**Q** 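Provided herewith is a single structure, encoded as structure tokens, for subsequent inquiry.
So you know, we letter chains A, B, ... as the sequences are listed, proteins then strands, and number each from 1. Just the heavy atoms: all of them, side chains too, but no hydrogens, waters or symmetry mates, feed the values below. Note that the structure is predicted; figures quoted are calculated from it, not measured.
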Amino acid sequence: MTPTPLPRPFYSRDPRRVARALLGKVLLRDDGPLHLSARIVEVEAYLGKNDLAAHSAAGNTARTAVLFGPPGYAYVYFIYGNHYCLNVSCEPDGKPGGVLFRALEPLTGIDAMARARKINLSSPRDLRSLTSGPGRLAQAFGITRPRDNGLDLTSPSSTLWIGEDSFRPGKIQVTPRIGIRKAADHPLRYILAASPFVSGPKPRKA
DNA sequence: ATATCGATTATCT
DNA sequence: GATAATCGATATG
């Protein structure tokens, strides 16, 4: 079943509400013959105000302009000299805010994702390593700043967009955000508690 | 199993 | 000049 796109008003609100609502939705790459899709299982909210960890805290610059623009657009940044990470802009035009995609569950195009990640899928059989982590999922989807920053994620005619199908998420868990030094104590990370594709060490039985 | 570290560059101070 | 919304490799228990 093909997902239907999420409209712009979906993103035109507080990033915490967008983050929660995005869990269980689907990220799609449609680029010529390439068709990838994966379910969103882990996200983080970055607030426009009172959030020192957000890139928008440095003001509206060439780098962060998308975060200050209208909602529903891709903000892609480059970090640690190695990795791209994907966000979607939130809040109405003029107000910053965004949601970072931290982990996905691969649905279709798994072989192409493995190729993009340079992972041999046969022996470790570890689907988690494809899209579990913000840098990993960006690599699996071929997301870069030059290609994808500023794309409209509400339009299926974009090569990258977000849709919903009939999936209904189970229990949602909220934790502190990962990998930040500033404002590390706020509970702004949202995960599907039942998903084995959440980033971090492999879940272990109690 | 956890801990530490190098990679490599855009951005900000 | 220092730091960063990370990852993968290596070292150590």
**Q** Is the shortest side-chain N/O distance from A:Thr61 to OP1 or OP2 of B:dC12 below 4.0 Å?
**A**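 Looking at the OP1 and OP2 atoms of B:dC12, one of them is under 4.0 Å from a side-chain N or O of A:Thr61.
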**Q** For A:Leu86 and C:dT6, give me the distance from atom CG to atom C1', rounded to whole Å.
**A** 15 Å
**Q** Closer than 4.0 Å, any side-chain N/O of A:Arg63 to the OP1 or OP2 of C:dA4?
**A** no
**Q** Going by ring centres under 5.5 Å and near-parallel planes (under 30°), is A:Tyr80 stacked on C:dA4?
**A**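 Not stacked: fails the 5.5 Å / 30° test.
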**Q** Tell me what A:Ile180 touches on the nucleic acid: a base, only sugar-phosphate, or nothing, going by heavy atoms under 4.0 Å.
**A**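 Contact class for A:Ile180: sugar-phosphate only.
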**Q** Classify A:Phe78 by what it touches in the nucleic acid, base, sugar-phosphate, or nothing, heavy-atom distance under 4.0 Å.
**A**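 Touches sugar-phosphate only.
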**Q** Could you give the CG-to-C1' distance, from A:Leu188 to C:dA5, as a whole number of Å?
**A**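 Rounding to the nearest Å, CG of A:Leu188 and C1' of C:dA5 are 12 Å apart.
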**Q** Are a donor atom and an acceptor atom from the side chains of A:Arg136 and A:Thr131 found within less than 3.5 Å of each other?
**A**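 Absent: no donor and acceptor within the cut-off.
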**Q** When you measure from the side-chain N and O atoms of A:Arg189 to the phosphate of C:dA5, is any distance below 4.0 Å, counting only OP1 and OP2?
**A**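 Answer no for this pair, as no side-chain N or O of A:Arg189 is under 4.0 Å from OP1 or OP2.
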**Q** Can you confirm if the NZ or CZ of A:Arg145 lies within 45° of the ring axis of A:Tyr77 and under 6.0 Å from the centre of its six-membered ring?
**A** no
**Q** Do the numbers put A:Arg147 on top of the ring of A:Tyr84, so that NZ or CZ is under 6.0 Å from the six-membered ring centre and no more than 45° off the axis?
**A** no
**Q** Taking only N and O in the side chain of A:His83, is any of them less than 4.0 Å away from OP1 or OP2 of C:dC7?
**A** no
**Q** Got a donor-acceptor contact below 3.5 angstrom from the A:Lys118 side chain to the A:Ala114 backbone?
**A**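 Checked: no pair found.
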**Q** Where each residue is assigned the nucleotide of DNA chain B containing its nearest heavy atom, which of A:Asn82 and A:Arg145 is assigned the position nearer the 5′ end?
**A**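 Result of the comparison: A:Asn82.
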**Q** Rounded to whole Å, how long is the line connecting atom NE2 of A:His55 with atom C1' of B:dT9?
**A**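 After rounding, the gap between these two atoms is 14 Å.
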**Q** Should the pair A:Glu91-A:Arg13 be classified as a salt bridge under the 4.0 Å nitrogen-to-oxygen rule?
**A**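 Judged by the 4.0 Å cut-off on N to carboxylate O distance, A:Glu91 and A:Arg13 do not form a salt bridge.
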**Q** Rounding to a whole Å, what distance do you find between A:Glu42:CD and C:dT6:P?
**A**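 In whole Å, C:dT6 P and A:Glu42 CD are 10 Å from each other.
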**Q** Verify the contact: side-chain N or O of A:Arg181 to OP1 or OP2 of C:dA4, cut-off strictly under 4.0 Å; return yes or no.
**A** yes
**Q** Nearest 0.5 angstrom please: A:Phe101 CZ to A:Leu137 CG, how far?
**A** 8.5 Å
**Q** Would you say the side chain of A:Tyr77 and the base of C:dA4 hold a donor-acceptor pair, judged only by whether the two atoms sit under 3.5 Å apart?
**A**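 Such a pair does not exist between side chain and base.
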**Q** Rounded to the nearest angstrom, tell me the gap between atom CG in A:Leu137 and atom P in C:dA5.
**A**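 In whole Å, C:dA5 P and A:Leu137 CG are 16 Å from each other.
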**Q** Is it true that, when you exclude A:Asn50 itself, more than 12 heavy atoms of the residues, nucleotides or ligands shown sit nearer than 6.0 Å to its CG?
**A**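 Incorrect, the count does not exceed 12.
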**Q** Return the value, rounded to whole Å, for the distance between atom CG of A:Asn87 and atom C1' of C:dT6.
**A**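 In whole Å, C:dT6 C1' and A:Asn87 CG are 14 Å from each other.
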**Q** Base, sugar-phosphate, or nothing: which does A:Arg136 touch, judged by heavy atoms less than 4.0 Å apart?
**A**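 A:Arg136: backbone/sugar contact only, no base atoms under 4.0 Å.
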**Q** Give one of base, sugar-phosphate or nothing for A:Gly135, where a contact means two heavy atoms less than 4.0 Å apart.
**A** sugar-phosphate
**Q** With nearest nucleotide decided by heavy atoms, which residue, A:Gln139 or A:Ala54, maps closer to the 5′ end of DNA chain C?
**A** A:Ala54
**Q** Could you tell me whether the side chains of A:Ser37 and A:Thr108 share a donor-acceptor contact shorter than 3.5 Å?
**A**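 Judged by distance alone, the side chains do pair up.
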**Q** Determine the stems involving DNA chain C; a stem requires 3 or more consecutive pairs of the Watson-Crick or G-U wobble kind, each with both distances below 3.5 Å, and the answer is none if no such run exists.
**A** B:1-7 with C:6-12, B:9-12 with C:1-4
**Q** Tell me the interatomic distance from A:Asn149, atom CG, to B:dA10, atom P, rounded to whole angstroms.
**A** 14 Å
**Q** Check the distance between B:dT13's C1' and A:Lys182's NZ and give it to me in whole angstrom.
**A** 11 Å
